[in-house]
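What follows is a short report on a single structure.
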Amino acid sequence: MTVSVEGSLNPLSPVRPTLPPRLTGLAQLAHNLAWSWNRDARMLFKEIDDTLWQQLRHNPLRLLQLVSAERLAELAEDAQFCARYDRAMQWLAAERSDEHTWYARTFPELRGRPVAYFCAEFGIHNSVPIYSGGLGVLAGDHLKTASDLGVPLVAVGILYRNGYFDQHIRVDGWQEDSDARIDFRSVPLAPLPGRDGARHLVTVNTFGRDIHIRVWKMQVGRVPVYLLDSDLEENHPDDRPLLSKLYSGGPAMRLRQEWLLGVGGVRALRALGIAPAAWHANEGHAAFMMVERVRELCAEGVPYADAVKRVRNASVFTTHTPVPAGHDHFATNDVLRCAEGEATWSDMGIAQEDFARIGYHPESGSGVYHMTSASMRLSRRVNAVSRRHGIVTREMSRSMWNGRDAEQVPIGHVTNGVHLATWMANPIMKLLDEHLGTAWGHSNDPALWEQILTLDDEKLWFTHQRLKHTLMRRVREEARRAFAQGGLEATQLVGAGTLLDPHVLTIGFARRFATYKRADLIFRDVERLRALVTNSSRPVQIVFAGKAHPADNPGKQVLQNVYQFTRDPRFEGRVAFIEDYGMHLAHLLVQGVDLWLNLPRVPLEASGTSGMKAALNGVPQLSTIDGWWEEGYEGNNGWSIEPEVDSDEGSSTARRLYELLEQEVVPRYYDRDKSELPRRWLLMMKHAVRVAGQQFTARRMVEQYARGYYAPSILGDALPDDPPTA
Ligand SMILES: *Cc1c(COP(=O)(O)O)cnc(C)c1O
């Protein structure tokens with residue numbers, strides 16, 4: 001498969017016409033999000049104008065629009081800059097072919113047979129705000145890795161024009177949300193024309209009205225991402241904003257979004273002449289993608305039962321959470337009304353009741369349509385996202401297979417992983433280059449990762465301290481800027497982290513403020529925590545970040561509660577909350593704190609990925625044994641807390657947390673030798689990198705999907721199909 005990079009230039013975001021001839025390729029580079037994980041490309045943009053680059057939060061299109069012609073002319077004469085530019089351009093050129101990739105070598109017969117990947121959100125880069133959190137970032141890491149490995153993925157998602165939201169915390173700690181509107185000049189999007197010059201590419205009927213959908217293309221390395229957009233004049237005014245917001249609006253809006261994603265996504269791929277050989281639904285939001293394919297086959301004359309079988313054989317479904325509220329379900333009647341205009345069940349040649357049964361869950365009865373049940377009925381290969389989550393999901397899904405034993409429920413697991421080149425800090429990668437040679441980034445070989453243990457202590461510590469300084473400097477700069485612009489009151493400055501000290505043991509806690517993640521658990525015993533934080537010789541700092549879902553008031557209350565402590569003088573400015581958690585802030589935090597804290601209520605964390613990102617940067621994790629940590633904890637790469645009994649509501653976890661901090665974490669961190677190095681802490685840092693680098697990268701994850709899910713979906717395998725029976 002060859003990929004045209006030029007094809008993705010966005011006519012709406014003209015890069016200044018003043019790019020010097022020597023550097024014209026910068027425009028192409030900025031238009032393929034692969035720049036975001038290529039070290040030369042990232043450094044190029046930074047070197048153009050470091051200050052502007054920071055201010056724009058690493059947005060190369062905006063940078064090229066704003067930088068002066070004089071500066072560019074100067075760089076065109078700079079031999080070092082041009083050498084780097086040439087390397088980046090060569091790399092981009094190599095990205096046009098998949099000839100020498102892992103996938104091409106491993107599955108030569110499958111080259112050019114696309115795998116469609118549907119997801120409701122994609123977290124690829126901070127500058128494209130069409131993600132809310134873990135699911136989206138995981139999907140983004142999946143695409144980047146598929147690109148690296150040459151897996152011929154084509155991704156389908158939604159272009160949320162109002163993005164996810166920007167977070168602002170009021171003085172009283174309550175979260176306020178404002179739209180993060182997409183600035184079309186600064187996002188590498190290209191609209192794909194429809195037939196006869198129409199703006200829309202496909203049309204989907206929902207609730208009796210036709211919705212015209214425009215499709216935008218975004219290039220992520222070798223992987224094209226097709227994003228659906230309903231904001232067209234051709235549409236009824238009420239329908240135009242249908243796809244404008246991520247995870248908001250009531251169930252009716254969610255249902256219509258998911259219908260458009262599934263049905264519209266399949267039609268978009270057809271209109272573009274793309275014929276996927278396998279289809280992956282990343283979470284149940286995309287279940288209608290399978291329903292539409294069944295309808296297509298039936299409309300061509302294939303009997304319903306055969307169509308279901310064929311769709312199942314080519315479909316992969318990944319489920320992402322054991323939290324019931326995380327599984328979308330709708331009133332069956334609404335789903336019927338939504339689908340009616342497409343004549344879906346008459347095309348299928350089945351009764352309306354049989355159509356409704358696709359989303360039937362035996363525990364909810366026929367009035368409820370479950371997207372997870374629908375996905376399980378129409379996918380032969382179903383997986384959870386960690387070993388423990390696999391066990392929990394099989395148990396939860398027993399009733400779908402008539403109550404058989406959990407071990408007999410045909411659901412596997414592929415433990416999540418993170419994209420190394422996105423999440424590991426440049427200086428750490430450089431250290432590993434020097435220590436391991438340059439091939440380390442492509443290896444899952446345990447022997448290679450063992451060698452991390454002989455990394456030079458002083459260099460590692462110095463590098464980590466540098467990243468920590470960077471975090472704290474950025475936090476201060478942000479606070480200063482927000483204060484100057486009136487976004488932050490003077491009384492909020494301390495809570496915004498301006499007093500953080502790079503020499504103090506720093507704990508990071510950043511994730512969605514869902515109540516089960518228990519961000520406030522560490523405050524269970526305020527006095528005990530205060531003693532730790534304000535110890536005069538061995539103090540501790542805590543940095544929080546994260547958004548609560550706009551409709552999640554209990555989550556917002558937890559956030560408010562945490563926020564109050566950041567303003568509490570008893571903590572002496574050592575507890576901070578940094579606003580507007582997103583990929584940009586996530587980078588700074590996972591690279592710049594000393595310890596990553598995670599306290600989910602077991603077993604509600606399906607996997608969790610932020611701890612993997614931290615570990616890749618030598619930041620050990622302290623976590624309850626849940627999600628990936630059940631596999632990742634090896635005794636020397638962090639600390640773990642055993643699950644509590646249900647009735648205890650976190651008190652034993654809190655107690656154990658204090659004990660660990662007092663007796664193990666703090667002493668180890670402040671135990672310095674003559675050269676002021678915390679040798680025992682450094683050893684733990686190295687083990688953190690070793691374990692994450694070898695086992696928890698997206699490379700390992702995508703290889704597992706390719707071998708165990710995509711290839712067998714395309715080539716077939718001998719195992720008998722075992723569909724849900726209830
Ligand atoms: C990695 C990441 C997450 C997921 O973190 P969890 O540990 O799974 O909660 C959420 N948001 C952002 C911005 C991330 O980068």
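Please read these numbers as outputs of a predicted model, since none were measured by experiment. Atoms within a ligand are numbered from 1 in the order they appear, just like the ligands themselves.
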**All side-chain hydrogen bond (donor to acceptor under 3.5 Å, both in side chains) counterparts of Trp37, not counting sequence neighbours** =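 Partners of Trp37 by the side-chain hydrogen bond (donor to acceptor under 3.5 Å, both in side chains) criterion, ordered by chain and then number, come out as Asp148.
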**Request:** Go through the steps for Asp594 and His464 under the test side-chain hydrogen bond (donor to acceptor under 3.5 Å, both in side chains), then give the verdict.
**Result:** CA-CA 9 Å; Asp594 297 304; His464 174 68; 2.6 Å; yes
**Message:** Test your reading of the model: is there a side-chain donor-acceptor pair from Thr566 to the backbone of Tyr563, 3.5 Å cut-off?
**Reply:**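 Between the backbone of Tyr563 and the side chain of Thr566 there is a qualifying donor-acceptor contact (under 3.5 Å).
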What are the polar N/O contacts of ligand 1 with the protein below 3.5 Å, with distances?
unit_1	atom_1	unit_2	atom_2	d
ligand 1	7 (O)	Thr609	N	3.3
ligand 1	7 (O)	Ser610	N	3.0
ligand 1	7 (O)	Ser610	OG	2.5
ligand 1	8 (O)	Thr609	N	3.1
ligand 1	9 (O)	Lys517	NZ	2.8
ligand 1	15 (O)	Lys613	NZ	2.6

**Item:** Cationic N near anionic O, under 4.0 Å, Glu478 to Arg474
**Value:**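 A salt bridge is absent here (no side-chain N lies under 4.0 Å from a carboxylate O).
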Validation: residues 609-616 side-chain donor-acceptor distances under 3.5 Å, sequence neighbours left out:
unit_1	atom_1	unit_2	atom_2	d
Ser610	OG	Arg511	NH2	3.3
Ser610	OG	Trp596	NE1	3.0

**Asked** Excluding sequence neighbours, so at least two apart, what forms side chain to side chain contact (heavy atoms under 4.5 Å, CB included) with Ala654?
**Response**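 Residues passing side chain to side chain contact (heavy atoms under 4.5 Å, CB included) with Ala654: Leu521, Arg524, Tyr658.
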